[in-house]
Amino acid sequence: MSTTVKPRIAVHKFSSCDGCQLAFLNLGGELIELTRRVDIRHFLEAGLDDPDADVDIAFVEGSLSTQDEIERIHRVRKHSRYLISIGACATSGGLQALRNLDNQHDQWRDAIYAKPEFIKTLNHARPIADEVRVDFELWGCPINSRQLLAAVNSLLFGVPPIEERDKVCMECKRQQRVCVMVTDNKPCLGPVTRTGCGALCPSFGRDCYGCYGPSDNPNTESLSKRFAGLGLMPDAVARRFLMINSAAPAFHDAGLIARSTDTGDGDNG
Ligand code: SF4
Ligand code: SF4
Ligand code: SF4
């Protein structure tokens with residue numbers, strides 16, 4: 001009887017909330033179907049513990065926020081044929097990277113933790129690609145299960161996954177959603193944010209807050225002016241960009257430019 005060797009997969013967690021790993025578990029029946037085709041070797045949230053297993057595809061969730069994580073990501077890279085970073089924490093540093101903005105790591109740590117001397121974190125949170133080669137990135141906070149499954153299937157068929165870098169506006173228009181910026185004056189980041197979520201927020205009448213990070217050619221300068229035209233003060237414009245993906249260069253720069261014009265006269269963010 002012949003046995004087929006199945007591709008091996010690992011899911012690693014770094015500094016994160018685990019929400020992107022849930023995108024795997026949320027696949028439900030499709031995850032069970034997937035396990036017929038792959039051998040999941042390490043996935044702590046699913047009870048599988050073998051972090052140094054050699055695998056074909058390693059998914060990495062979370063930012064690099066501790067010295068231990070920097071050492072660990074090199075081990076993951078060494079044991080993986082393809083490495084895919086998943087989610088805003090892993091692709092841009094995520095919310096944790098807010099601490100990079102003002103070099104206030106020590107003050108914030110001391111203000112938040114009762115025993116700050118036990119907290120061993122680095123002053124900056126960084127994306128995975130800052131430290132090791134990353135073969136593919138899935139953006140979002142959290143990522144979309146459909147995109148995740150599509151990436152796995154592409155790799156199992158031996159073709160590179162398709163990267164979606166279009167703007168959320170394109171998806172929004174394709175779905176014929178009503179524009180919340182035009183009709184409700186909501187400061188939507190859809191014109192500069194990469195798609196992949198199915199224009200989720202506008203489909204519920206909400207403005208996009210940029211959780212998928214910058215799209216290709218994001219015209220943040222024009223959008224900042226549009227936000228100012230909607231009545232947002234510079235500090236509020238800065239906050240739009242400096243949130244989940246504050247360390248992604250396009251959003252980082254747009255946020256700092258807006259902040260630099262802030263006179264401190266008002267905050268409507
Ligand atoms: S990207 Fe968002 S959902 Fe995913 S681990 Fe980070 S904080 Fe959680
Ligand atoms: S609601 Fe947002 S994403 Fe949709 S078209 Fe308007 S600006 Fe673009
Ligand atoms: S619409 Fe924007 S904020 Fe909402 S899920 Fe999509 S990318 Fe994220």
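Atoms within a ligand are numbered from 1 in the order they appear, just like the ligands themselves. Each residue takes its place number in the sequence, starting with 1.
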K.L.:
Can you name the atoms of ligand 3, numbered from 1 with element, that are less than 4.0 Å from a heavy atom of Tyr212?
P.N.:
7 (S), 8 (Fe)
K.L.:
Please find out if atom 8 (Fe) of ligand 2 and some N, O or S atom of Cys208 are separated by less than 2.8 Å.
P.N.:
no
K.L.:
Tell me the contacting part of Glu61 for ligand 1: side chain, backbone, both, or neither, using a 4.0 Å heavy-atom threshold, strictly below.
P.N.:
side chain
K.L.:
What protein heavy atom sits nearest atom 1 (S) of ligand 2, and how far off is it?
P.N.:
Val180 N, 3.3 Å
K.L.:
How many angstroms lie between CZ in Phe59 and CZ in Phe136, if you round to the nearest 0.5 Å?
P.N.:
10.0 Å
K.L.:
Give the atom numbers and elements of ligand 3 that come within less than 4.0 Å of a heavy atom of Cys197.
P.N.:
1 (S), 5 (S), 6 (Fe), 7 (S)
K.L.:
Tell me, please, if Cys188 has any N/O/S atom, main chain or side chain, under 2.8 Å from atom 4 (Fe) of ligand 2?
P.N.:
no
K.L.:
What atoms of ligand 1 come closer than 4.0 angstrom to any heavy atom of Ala88?
P.N.:
1 (S)
K.L.:
Report yes or no: do Glu69 and Ser15 form a side-chain donor-acceptor pair below 3.5 Å?
P.N.:
yes
K.L.:
For Phe43 and Phe24, run ring pair (Phe, Tyr, Trp, His ring centres under 6.0 Å): C-alpha distance rounded to whole Å, both residues' side-chain angles, the deciding distance at 0.1 Å, then the answer.
P.N.:
CA-CA 10 Å; Phe43 187 1; Phe24 268 100; 5.6 Å; yes
K.L.:
Taking the six-membered ring of Phe14 as reference, does the NZ or CZ atom of Arg72 fall below 6.0 Å from its centre and within a 45° cone about the axis?
P.N.:
yes
K.L.:
Counting non-hydrogen protein atoms only, what is the nearest one to atom 2 (Fe) of ligand 1? Give residue, atom name and distance.
P.N.:
Cys141 SG, 2.4 Å
K.L.:
In ligand 1, which numbered atoms sit nearer than 4.0 Å to a non-hydrogen atom of Pro142?
P.N.:
3 (S)
K.L.:
Would a 4.5 Å heavy-atom cut-off, applied to side chains only, mark Val168 and Arg194 as touching?
P.N.:
no
K.L.:
Would you mind telling me if ligand 3 is within reach of the side chain of Cys211, the backbone, both or neither, using heavy atoms under 4.0 Å?
P.N.:
both
K.L.:
Is any side-chain N of the basic residue among Asp54 and Arg8 closer than 4.0 Å to the acidic one's carboxylate O?
P.N.:
no
K.L.:
Tell me the nearest of Ser16, Ser63, Cys17, Cys89 to atom 6 (Fe) of ligand 1, using heavy-atom distances.
P.N.:
Cys89
K.L.:
Does a donor on one side chain and an acceptor on the other come within less than 3.5 Å for Gln96 and Ser63?
P.N.:
yes
K.L.:
Test of understanding: given a 4.0 Å heavy-atom threshold, classify the contact between Cys179 and ligand 2 as side chain, backbone, both, or neither.
P.N.:
both
K.L.:
Counting only heavy atoms closer than 4.0 Å, does ligand 3 sit against the backbone of Pro202, its side chain, both, or neither?
P.N.:
side chain
K.L.:
State, with a plain yes or no, whether a side-chain heavy atom of His74 is found less than 4.5 Å away from one of Glu131.
P.N.:
yes
K.L.:
Enumerate the atoms of ligand 2 whose separation from the nearest heavy atom of Gly190 is less than 4.0 angstrom.
P.N.:
3 (S)
K.L.:
Could you identify the single nearest non-hydrogen protein atom to atom 3 (S) of ligand 3 and state the distance to 0.1 Å?
P.N.:
Tyr209 N, 3.3 Å
K.L.:
With rounding to the nearest 0.5 angstrom, report the CE to OG1 distance, Met233 to Thr261.
P.N.:
9.0 Å
K.L.:
Quick one: nearest non-hydrogen protein atom to atom 8 (Fe) of ligand 2, plus distance?
P.N.:
Cys169 SG, 2.3 Å
K.L.:
Can you report which non-hydrogen protein atom sits closest to atom 4 (Fe) of ligand 1, along with the distance?
P.N.:
Cys20 SG, 2.4 Å
K.L.:
Once you restrict to heavy atoms under 4.0 Å, what part of Lys173 touches ligand 2? Side chain, backbone, both or neither.
P.N.:
side chain
K.L.:
Hey, are Ser92 and Asn245 close enough side-chain-wise for a donor-acceptor pair under 3.5 Å?
P.N.:
yes
K.L.:
Taking 4.0 angstrom as the limit, do Arg259 and Asp235 come out as a salt bridge?
P.N.:
no
K.L.:
Looking at Asp216 and Arg165, is any side-chain nitrogen of the basic one under 4.0 Å from a carboxylate oxygen of the acidic one?
P.N.:
yes
K.L.:
With heavy-atom distances below 4.0 Å as the criterion, list the atoms of ligand 1 near Gly140.
P.N.:
1 (S)
K.L.:
With atoms numbered from 1 as shown, which atoms in ligand 1 lie under 4.0 angstrom from a non-hydrogen atom of Gly87?
P.N.:
1 (S)
